[in-house]
Asks: 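Starting off with a structure, shown below.
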Protein chains: 2
Amino acid sequence: MPTIKDIAKAAGVSPASVSRVINNGPKVGAKTREKIKRIMGEMEYQPNANAQAINVQNNASIGIVLADLTDPLFAKMAHGIEKVAAQKDLQIFLNSGAFDQTSELNAIEVLLEHRYKALVVHSAMIDDKTLIEFARKVPGLVLLNRHIKEIESRCIWLDDKAGGGLMAEHIVEQGHKKIAIIAVDGIQNNTRHRIEGMKAQLAKYPVHYQIEVLEQGAATYEGGEVAVQNLLARGVEFSAILAYNDAIAVGAVSMLKAHGLSVPDDVSVVGFNNLILAQCMKPKLTTIHNPIEEMAMKATELALRLSKGEGTDVASFSIEEHQYTPELVIRQSVKRID
Amino acid sequence: MPTIKDIAKAAGVSPASVSRVINNGPKVGAKTREKIKRIMGEMEYQPNANAQAINVQNNASIGIVLADLTDPLFAKMAHGIEKVAAQKDLQIFLNSGAFDQTSELNAIEVLLEHRYKALVVHSAMIDDKTLIEFARKVPGLVLLNRHIKEIESRCIWLDDKAGGGLMAEHIVEQGHKKIAIIAVDGIQNNTRHRIEGMKAQLAKYPVHYQIEVLEQGAATYEGGEVAVQNLLARGVEFSAILAYNDAIAVGAVSMLKAHGLSVPDDVSVVGFNNLILAQCMKPKLTTIHNPIEEMAMKATELALRLSKGEGTDVASFSIEEHQYTPELVIRQSVKRID
DNA sequence: TTGAAAGCGTTACCAT
DNA sequence: ATGGTAACGCTTTCAA
C-alpha cells in the first residue's frame, strides 16, 4: 500500500505537495496537481486516516454509544444521528454497549482513545456520578435520552413524567377506574418518572391502580404477555392497562385475547413510543409519541457544537431546548366506559 | 491531554517503558510497572488509538457498512455482527450507507482509509463489478446478504430462490389458484430470485398469478397498503398474496381489512423474514424465516479469518457454508381453500 | 530491566 | 509554487 512518500517519489515532487493535493489545499500548480492526481490514481493511493488524525487535532467524525440496536426505538436514534452526520458529511463511529455497564464504559473509552470530539451517548447502565465525570472531562459529550440534573445542559431527554401523566389522564377521562400499570425494572429513570407522572394524575381521581414490574430487559412483546399472565393469575381487576412501551402493549393485547378478553371492549391498552408497530397492530394502538429521532438529531448538533467550543455559556440554557414533550396519539385501543 | 512522553517524564523513565506497560508487555520491573501505572492513573492518561494504529499493521476492529439501520432486518444484521465482535472483544466501526450508491461507496472508502482489515459489507446499491474489484483489493472484505458468483467464497447470502419457492409451494398446496405477488423494484437481486423461485413452482400447477411491483424503497407497511390498493383498483382477482417482506404483508392485511376483506378467510397472506412484527400481528403471519443474524455472525467470522490471511484456499469452498436456507413458518394468515 | 533512537504516514511551518 | 523537515504520539529494534 503506497504512502505519500511513494507518490512523491513517483511524481518527482515532495511529500508536502502531495499532501496539499490530497487536502485540496492551495499553493500547487495546475499541472503539478494533475500529475500528482494521476499518479495517485495509478498507484491506487489511499490516505491513512490514522496518520491524518494524529496531526490534526480536530477529529471530524462523531462517536456514538447505543445500548441495543435491536430495539427499534434505539434504531431510530441511530437514524437521527446518521441524518445530521450525513448532512454535514461526517462519519459515525458506533459502539454498542449491549446493556451492561462494563461494555458501555468500554465503548466510551474506545471512542475517547480514538479522539472523537463529539460524542452522543445513550447510556442505560452507567451511574450518574460516572457520567458527570465524563461530561466534565469531555466537552463534546452529550447524553441522549437521559436527564442528569447536574449536567442537564449536556442532556437531551424526554419529559417522561408528562408522558406518564398523559397516559393516566387519558384513561381516567375515558372513565376507567381500575388500572393496571406494566413497568420495567432498571437503573433508568424513565420508568420511574413515568410512574410518578401517572401517580400524580391518578391521585386526583378516585381510582385504583396496581403496578406490575417486569424485570430488566423484559420490555418486550413476551414481557407484555407475561405481565398480563401474572396480573390475571393474581386476580387483579382492571379495565385498562398502561404499558411501558408499545412492544409490551402489543404482547399484553395478545395475551388478553388468549384469555378471551377483547381490546378495547373488555380492556383498554395504552402504549408508549409510537413505533410503527403501534400502527400496524389491530386494534391500532393508542400510545404516546416519543420524538426520539428529533432528539437524537438535536443531541448530535449539540455535541458537534460543544466539541467546537461553542455555546458553553450556562446562561443561555433553556430547558425547552433540552427536554422534549411527549404527545398522546389516540387510536383504537382505548374505549370509553361508564 | 498527556502523552506517553509526559508520563515518562513524570515517572522518570523512558517512553519505551511506558509503552511496554500500556501494552502489558514484558521486560518491565515490577516496581517500575507499578509506578508508571500509578502516574498514568493520576494524570488520566488515555492512549491515542490513532497513533497506535499507525505503528501496528493490525487493526483489530471490524468495519461494517449497512444500508439502513431503521429496517429491523438490518438491525438484526448489526446485532449479529455485534455479537461476534463482543465475544472477541473487538470494536465495530459502523458506516451507514443510506441506500444510495455514492454514500455506500464512500462508507467503504472511509473504512479502508482507517485501515480496517475485516469488512462486512451489506451493499444494496453498488454494482457487481465494483464490488468484485473491492473484494480483489481487500482480502478481508465479505459481502453480507448478497451473492456475486465470481466472488462467492466472499459472500454470505440467503437462497432467495428457495424462499420464493417455499412461499409459492405452500400457497398452492393450500389450494389457491389466483395469486398476487408484491415485489419491489431495485438493483438487489433477491427480489428477482424470489420471483424466479415462485415462478418455477407456480409453473408446475394450473394457477394464475399477477405481479405488483413497488418502487425502490417502498418495501414498507405503507407500500403494502398501496400495493393492495392498486391490485384492487385494477380489478385483479386473487385469493392469496405473496409479499416481499413482513412489513408489506402487514400493510396488505391492513388495506384488505379496510376493504372489508378478512385475512385469512377471504385472502391468505404470506410474508418474508419472520421479524417480530410477524408474530405480533393478528392474525399471526405465515412467513419465511430469514436467518439473517446467523448469517451476519458467519460473515463476521469469515471476514476476520480472511483478514488474517487464513482460509483463502478456494478448494475448501462449500456452498453450504455460504448459502443459507430459508424456512417456512406456518402461522395463521393462510387458509386452505378448495 | 531499561533507554536511545529510528521509524509509522501525515501535516504544517519555514525556506527558497 | 515548491521542497525540506520538524512534529504528531506511539512502537520496536538495538544497545547498554
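Owing to the predicted nature of the structure, the values given are computational and were not obtained by experimental measurement. In what follows, every chain begins at residue 1, and chains take the letters A, B, ... in the order their sequences are listed.
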Asks: Could you check Ser103(B) against Asn106(B) for side-chain hydrogen bond (donor to acceptor under 3.5 Å, both in side chains), going step by step and ending with a plain yes or no?
Replies: CA-CA 5 Å; Ser103(B) 69; Asn106(B) 182 252; over 6 Å; no
Asks: Taking the six-membered ring for Trp, are His322(A) and Phe317(A) parallel (under 30°), tilted (30 to 60°) or perpendicular (over 60°)?
Replies: tilted
Asks: Looking across every strand, which nucleic acid part, if any, lies under 4.0 Å from Gly25(A) by heavy atom: base, sugar-phosphate, or nothing?
Replies: nothing
Asks: Can you give me every donor-acceptor pair (side chain of residues 19-36 of chain B, partner residue at least two apart or in another chain, under 3.5 Å) with its distance?
Replies:
unit_1, atom_1, unit_2, atom_2, d
Asn23(B), ND2, Ser19(B), O, 2.9
Arg33(B), NH2, Gly25(B), O, 2.3
Lys35(B), NZ, Ala11(B), O, 3.4

Asks: Between Asp128(A) and Arg146(A), is the closest basic N to carboxylate O distance under 4.0 Å?
Replies: yes
Asks: Quick one: sort the His147(B) and Trp157(B) rings into parallel, tilted or perpendicular, breaks at 30° and 60°.
Replies: parallel
Asks: Using a cutoff of under 3.5 Å, can you pull out all pairs of nitrogen or oxygen atoms linking the protein to nucleotides 9-11 of chain D, with atom names and distances?
Replies:
unit_1, atom_1, unit_2, atom_2, d
dG9(D), N2, Asn55(B), ND2, 2.9
dC10(D), OP1, Tyr45(B), OH, 2.3
dC10(D), OP1, Asn48(B), N, 3.2
dC10(D), OP2, Ile4(B), N, 2.5
dC10(D), O2, Asn55(B), OD1, 3.3
dC10(D), O2, Asn55(B), ND2, 2.8
dT11(D), OP1, Asn23(B), OD1, 3.2
dT11(D), OP1, Asn23(B), ND2, 3.0
dT11(D), OP2, Ser19(B), OG, 2.7

Asks: At a heavy-atom distance below 4.0 Å, which nucleotide of DNA chain C is the first touched by chain B, and which is the last?
Replies: dT1(C) to dG9(C)
Asks: Check residues 297-306 of chain A and write down every donor-acceptor pair under 3.5 Å in which the side-chain atom is one partner and the other belongs to a residue at least two apart or another chain.
Replies:
unit_1, atom_1, unit_2, atom_2, d
Lys298(A), NZ, Glu321(A), OE1, 3.0
Thr300(A), OG1, Ala296(A), O, 2.7

Asks: Please round to the nearest 0.5 Å and tell me the distance separating atom CD of Glu133(A) and atom CD1 of Ile126(A).
Replies: 12.0 Å
Asks: Between the two ends of the helix from dT1(C)-dA16(D) to dT16(C)-dA1(D), what is the bend in degrees, rounded to 10 degrees, where each end axis spans five pairs?
Replies: 40°
Asks: Short question: side chain of Arg154(A), backbone of Leu141(A) - any donor-acceptor pair under 3.5 Å?
Replies: yes
Asks: Is there a side-chain hydrogen bond (donor to acceptor under 3.5 Å, both in side chains) between Thr130(A) and Asp127(A) once you walk through the steps?
Replies: CA-CA 6 Å; Thr130(A) 310; Asp127(A) 55 289; 3.0 Å; yes
Asks: Mind checking what makes side chain to side chain contact (heavy atoms under 4.5 Å, CB included) contact with Met1(B), not counting sequence neighbours?
Replies: Arg115(A), Gln46(B)
